[in-house]
Amino acid sequence: MRLPISCIALIMALLACNRQKENASNESVPESSNGWEYADSVRNEIQSAKIPTDTLRLIDFGSEDDSQRIQKAIDHVYELGGGTILIPPGIYYTGPIVLKSKINLYLEEGAELKFIAKPEIYPLAYNWFNGIPCMNYSSMIYAKDASDIQISGKGIIDGQGNDPVWKSMKFHERKDWELLKELENTNVKPINRKFGNGHSIRPDLITFLECSRINISGVSIKNAPFWVIHPILCKHVTIKNCLISSHGYDQIGIGLESSENILVDSTKFQFVDDGVKILSGRVKIPNNRASKNIVIQNSIFENVLYSAVIISSQTQAGANHIFLSDLKIDTSETTLRIFANAGLKGKLHEIFLKNIQANHITGSFLLSNINNSSNLSNSSPLLYNIHLDKINAENCGRAFLLNGHSKNLIYNVNVRDSKFSTFKGSFVKNLQNMSFSNVRENEKNYSGTNTVGNIQIPKIHLEHNEDDILNSNNIKFNDLPKSVKNTLAANYPQIPVNNIDQMITQSNIIYNINLKLESSKELKLLVLADGKIMRSKSDITFGELPKAVISALQSYLKITPAPLMINEIKKIAFQDFAYFEIKGEYNRKLFAVGINNNGDIIEEKQKIITTYFSPSQIK
């Protein structure tokens, strides 16, 4: 069910109470803890790194062309009992660095560490990749079983992740990712899951594994091959007054994995896929624990591709007591995205947001989804107790997209003293107890509580009049005919292939090939067995539409179209013509329209969304 632009609907409990009594868990949902008082206690309990007062200068260790001089300095200061290593202004090309206890790496303003883009110099080290432990390239800065570590100053740490040698690994990563999952499924010990040189699993820029009392402050960190900062099984981590900026594939600003007592304060995130990602393992890991007691405050998120903050489905051990306050988000798909996975059973709860200013949110301010792929029946609650207070979201596609499961409801979403300016209605499914107090959306006020049942999402499609598919199955790249491979090599070199579907129709064998571009965009091809491209379909942005197409869309909608009315835009090219397929929502309608370059409407559909609710139906 989609709720209208004019109302974050408070749906009558009679819609779905009976169904929920049959399907929902009988286990009671615990009430929220003390909320922001608890956050204050977390901040007070976080311990800072304790570094001896001795200071040594890097110039005392090795020559300028020695790529190991920083490591030599760390080893020397560690033997002396710890202290600060001062790195003066200049550019320093360095190999991998292993940080040790009681060391402060201080970069003066003008100092820049550039990590050499030669994978062969990064030795094997234990790490977690996408929530699965393995041996892989050492992170560029790596610490394990250490305490009292500090990286500070006003300098720059550059992972040079944009170098082709790192970026090209994305094109071959799928094979190693499938191998890693197979090694996990066959119970091969992590120490024997060896990747690194000759493989394509990219390293993080900075990893802390089972460390405590970590402080990162003042520095600018950019261009990671994979994730930027990745604490795993850590305690007492403070990241403050930093700039984190990283372009490329799968860039995560800070990945907090199975870690606790974390403060992210006054930090700016730019050009990453997700600003802060919270997770706790994809698989069962000995001594794993929930990510918890996390405070993210006074920070800015600009031009973040997906989410300012995401609580990932890779939460085998769960995540709880997460506090977001005094944040500014400008241009992102969502502010907070929460994915619960019933197969992993990790509980996600006690999630608090306060004083959030968001602008240009193309998707939903809050998005949550429960995946119940294992078809669990009457399982215990997975996602509950989410509190929003003093939210101001402007130019937002939706306020909420909350998608529970009939056997795993979302419980207790509370919104207070907030204002949303949206272009499309919210969608809420399988949720119990969503309450509003002094909530204003598009000049209307709402308060009350609602419960929502299992309502299907309305959809609308355009017809392409393709041959009926008689058979379809996924295949691997190596199974493609040589002619199809040659077409990909000639037209789309160095673009990763996400998946391939071989389709048999009455008249042809067609390969449906999904390519992953560097952003969230995708390119889908229909290629005949002889290598001829039958159709291409690529994601584009509203700003890339020709003026004639925007003018035609305006005539069709009878209103000036706004980017946030649009759900999806694809440029579709056949052998003899091309057009733009535009899907969106406006004024209680779903619409889909095909418009060619000249502004001619070649096909269109509209659908009234009867599941919208008016204020008169609110209780």
Side-chain angles (χ1 to χ4, degrees), residues 33-55 74 77-78 80-85 97-107 128 139 141-153 157 204 206-219 221 227-242 244 253-267 276-281 287-299 309 317-326 350-352:
S33 60
N34 291 328
W36 292 103
E37 294 178 4
Y38 187 93
D40 292 338
S41 69
V42 170
R43 281 187 287 258
N44 292 332
E45 289 175 7
I46 294 175
Q47 301 172 15
S48 296
K50 298 177 181 178
I51 309 294
T53 57
D54 293 342
T55 299
I74 290 170
V77 173
Y78 176 71
L80 296 176
T84 296
I85 299 167
I97 294 172
V98 177
L99 278 175
K100 298 181 179 180
S101 297
K102 299 183 179 180
I103 299 292
N104 175 20
L105 203 61
Y106 185 92
L107 284 73
W128 293 11
S139 300
I141 298 177
Y142 180 83
K144 185 176 186 297
D145 297 321
S147 60
D148 300 301
I149 296 173
Q150 190 163 323
I151 301 172
S152 60
I157 298 172
D204 300 323
I206 303 174
T207 296
F208 302 103
L209 182 62
E210 296 187 86
C211 295
S212 63
R213 296 189 296 278
I214 301 163
N215 290 63
I216 303 177
S217 62
V219 293
I221 311 173
W227 294 5
V228 182
I229 304 174
H230 189 188
I232 307 165
L233 292 167
C234 289
K235 295 182 178 181
H236 305 294
V237 178
T238 300
I239 300 169
K240 188 173 183 179
N241 294 321
C242 292
I244 297 175
I254 302 174
L256 300 172
E257 190 148 21
S258 301
S259 295
E260 60 186 85
N261 287 359
I262 311 293
L263 175 63
V264 178
D265 188 10
S266 303
T267 290
V276 180
K277 186 172 186 176
I278 299 168
L279 60 165
S280 59
N287 302 317
N288 193 11
R289 59 174 181 262
S291 284
K292 63 182 182 179
N293 298 347
I294 297 168
V295 178
I296 303 168
Q297 64 184 24
N298 305 317
S299 295
V309 179
N320 62 79
H321 290 91
I322 297 162
F323 300 88
L324 316 181
S325 68
D326 300 286
E350 314 316 315
I351 301 162
F352 296 81

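- Residues Leu233 and Asn287 fail the side-chain proximity criterion, which asks for heavy atoms closer than 4.5 Å.
- Here the CD1 atom belonging to Ile74 is positioned 5.0 Å from the CD1 atom belonging to Ile97, to the nearest 0.5 angstrom.
- Here the CD1 atom belonging to Ile322 is positioned 9.0 Å from the CG atom belonging to Leu256, to the nearest 0.5 angstrom.
- Using modelled atom types, one finds no donor on one side chain facing an acceptor on the other under 3.5 Å when comparing Tyr142 with Asp204.
- Looking at heavy atoms from C-beta onward, Ile221 lies in side-chain contact with Ile216 at the 4.5 angstrom threshold.
- Rounding to the nearest 0.5 Å places CG of Asp54 at 11.5 Å from NZ of Lys102.
- Note: Glu350 CD to Asn293 CG = 11.0 Å, rounded to the nearest 0.5 Å.
- Residues Ile151 and Leu99 have side chains in contact (heavy-atom distance under 4.5 Å, counting atoms from C-beta outward).
- Residue-environment remark: NZ (Lys100) exceeds the threshold of 12 foreign heavy atoms within 6.0 Å.
- Proximity of a side-chain donor or acceptor of Ser259 to a complementary backbone N or O of Ser291 within less than 3.5 Å is not detected.
- Here CD1 of Ile232 is found 9.5 Å from SG of Cys211. Values are rounded to the nearest 0.5 Å.
- Contact between Val295 and Ala39 at its shortest, heavy atoms only, is CG2-O, 4.2 Å.
- The nearest pair of heavy atoms linking Pro52 to Gly81 is CG-O, 3.4 Å.
- Side-chain contact between Trp227 and Lys277 is present, with at least one heavy-atom pair separated by less than 4.5 Å.
- When all heavy atoms are compared, the tightest approach of Val264 to Ser299 is O-OG, 4.1 Å.
- Closest approach of Ser258 to Gly281, counting heavy atoms only: OG-N, 4.3 Å.
- The aromatic rings of Phe352 and Trp36 lie perpendicular to each other, with more than 60° between the two planes, well past the 30° mark.
- The salt bridge (charged side-chain N to carboxylate O under 4.0 Å, His left out) test applied to Lys144 returns no partner, not counting sequence neighbours.
- Contact detail for Ile51 and Thr84: the closest heavy-atom pair is CG2-OG1, 4.1 Å.
- With Ile254 as the fixed residue, the side chain to side chain contact (heavy atoms under 4.5 Å, CB included) test singles out one of Val309, Val228, Ile244: Ile244.
- Rounding to the nearest 0.5 Å places CD1 of Ile239 at 7.5 Å from CD1 of Ile262.
- Checked against salt bridge (charged side-chain N to carboxylate O under 4.0 Å, His left out), Asp145 has no partners two or more places apart in sequence or in another chain.
- Taking every heavy atom of both residues into account, Cys234 and Ile214 meet most closely at SG-CD1, 4.0 Å.
- Looking at Asp148 and Ser101, their side chains never come closer than 4.5 Å, going by heavy atoms from C-beta outward.
- Between the side chain of Asn288 and the backbone N or O of Ser280 there is at least one donor-acceptor pair closer than 3.5 Å.
- A side-chain donor-acceptor contact under 3.5 Å links Ser152 and Asn104.
- Contact check for Phe208 versus Val237: no side-chain heavy atoms found under the 4.5 Å cut-off.
- Side-chain atoms of Trp128 and Leu279, non-hydrogen and from C-beta on, never get closer than 4.5 Å to each other.
- Checking side-chain atoms of Ser217 against main-chain N and O of Asn241 turns up no donor-acceptor pair under 3.5 Å.
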Check residues 43-50 and write down every donor-acceptor pair under 3.5 Å in which the side-chain atom is one partner and the other belongs to a residue at least two apart or another chain.
residue	atom	partner	partner atom	Å
Arg43	NH1	Gln297	OE1	2.8
Arg43	NH2	Asp40	OD1	2.3
Asn44	ND2	Asp40	O	3.1
Gln47	OE1	Arg213	NH1	3.4

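- Looking at Asp265 and Thr238, their side chains never come closer than 4.5 Å, going by heavy atoms from C-beta outward.
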